[in-house]
Amino acid sequence: MPNAQIIDGKAIAESVRDEITKRAAKLLDESGKRPGLAVVLVGEDPASQVYVRNKDRAAEACGFNSVKHTLSADTSEADVLALVDQLNNDPEIHGILVQLPLPDHIDESKVLRLIRPEKDVDGFHPVNVGLLTAGERDSALVPCTPAGSLVLLKRTLGDTLSGKNAVVVGRSNIVGKPMASLLLQESCTVTIAHSRTRDLPDVVRAADIVVAAVGRPEMIKGDWIAPGATVIDVGINRIPAPERGEGKSRLVGDVAFEEAVTHAGAITPVPGGVGPMTIAMLIVNTLTAARRLLNLPEEEALF
Ligand code: GUN
């Protein structure tokens with residue numbers, strides 16, 4: 001079996017950001033407005049700090065107006081809710097993202113439910129979850145990681161995924177469930193597998209499309225992948241890498257890449273696969289939210 005095509009998430013994310021940069025310039029021409037993104041970070045979690053900085057930079061680079069709100073870890077729930085309320089009512093802000101996880105004393109779902117659904121560029125509000133599951137994807141804001149995974153699938157397989165067997169491994173609200181909804185809307189036959197699934201290797205072997213989002217390093221083995229299948233690896237796991245020197249680590253996905261690459265038809269690497277797409281789709285969602293809030297016609301969907 002020849003080696004798989006490596007799906008270049010970095011290059012595809014760049015092409016998406018280029019398109020959005022053009023669309024943001026067009027919006028500025030049409031309305032005199034820049035898409036406005038507000039990113040809220042509560043606390044000093046180092047990984048979250050990196051994500052928030054990258055989101056802020058990507059938005060600026062596309063010509064957006066990006067505002068970062070950094071609050072200390074002991075900020076009260078009431079103060080976070082007050083900030084969301086203020087952003088909900090700010091006409092210059094079209095997208096609001098509250099970085100998760102929040103400190104334990106803050107009720108995450110209370111905060112997420114307060115965000116106006118029209119500004120919910122993470123797609124986590126129950127209204128957006130409901131629209132997506134009801135098959136009204138094009139009226140919703142869709143969570144960024146599954147949306148980015150779908151872009152990668154369509155750029156690899158073409159626009160028609162109809163009839164394919166898709167297995168999503170993982171049932172999280174952020175990735176697994178919305179991914180399954182998106183694939184169902186593409187007329188795939190969708191299975192959601194998870195840690196309690198019986199005979200998981202055989203379930204995965206039946207898949208033309210595998211989306212791995214379990215958060216367990218290299219759990220999905222190469223011989224679980226059907227010959228020629230397309231593999232989207234959402235996992236980002238840091239594991240010790242003593243071969244690189246004492247105390248060193250490296251990033252791996254949820255799929256054992258070196259094995260899987262000899263079975264799959266196409267596969268995303270980690271890093272450089274799904275990761276860059278997540279931020280690109282946040283930018284897409286923010287532009288979509290801006291056009292809707294400004295009552296401008298929507299542009300052609302990118303996925
Ligand atoms: N933390 C990890 N992933 C995400 C995400 O997609 N959105 C937000 N808001 N926080 C996260």
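Whatever order the structure lists ligands and atoms in, that order sets their numbers, starting from 1.
- Note: an N/O pair closer than 3.5 Å links Leu100 and ligand 1 by distance alone.
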Show your working on salt bridge (Lys or Arg N to Asp or Glu O under 4.0 Å) between Arg34 and Glu60 and close with a plain yes or no. CA-CA 10 Å; Arg34 291 181 191 276; Glu60 292 275 352; over 6 Å; no

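- Contact annotation: the side chain of Arg17 never approaches that of Val284 to less than 4.5 Å [non-hydrogen atoms, C-beta and beyond].
- For ligand 1, the atoms sitting less than 4.0 Å from at least one non-hydrogen atom of Leu97 are 9 (N), numbered in the order shown with element in parentheses.
- Protein heavy atom in closest approach to atom 4 (C) of ligand 1: Gln99 NE2, 4.3 Å.
- Inter-residue side-chain proximity for Leu183 and Leu153 is flagged as met; some heavy-atom pair is nearer than 4.5 Å.
- Using a 4.5 Å heavy-atom cutoff, the side chains of Phe257 and Ile6 are in contact.
- In this model, a donor atom of one side chain and an acceptor atom of the other lie less than 3.5 Å apart for Arg155 and Ser15.
- Remark: minimum distance from atom 8 (C) of ligand 1 to any protein heavy atom is reached at Asp122 OD2, 3.4 Å.
- Considering both main-chain and side-chain atoms, Val98 comes within under 3.5 Å of ligand 1 through a nitrogen or oxygen pair.
- Put simply, no part of Thr145 is less than 4.0 Å from ligand 1, judged by heavy atoms.
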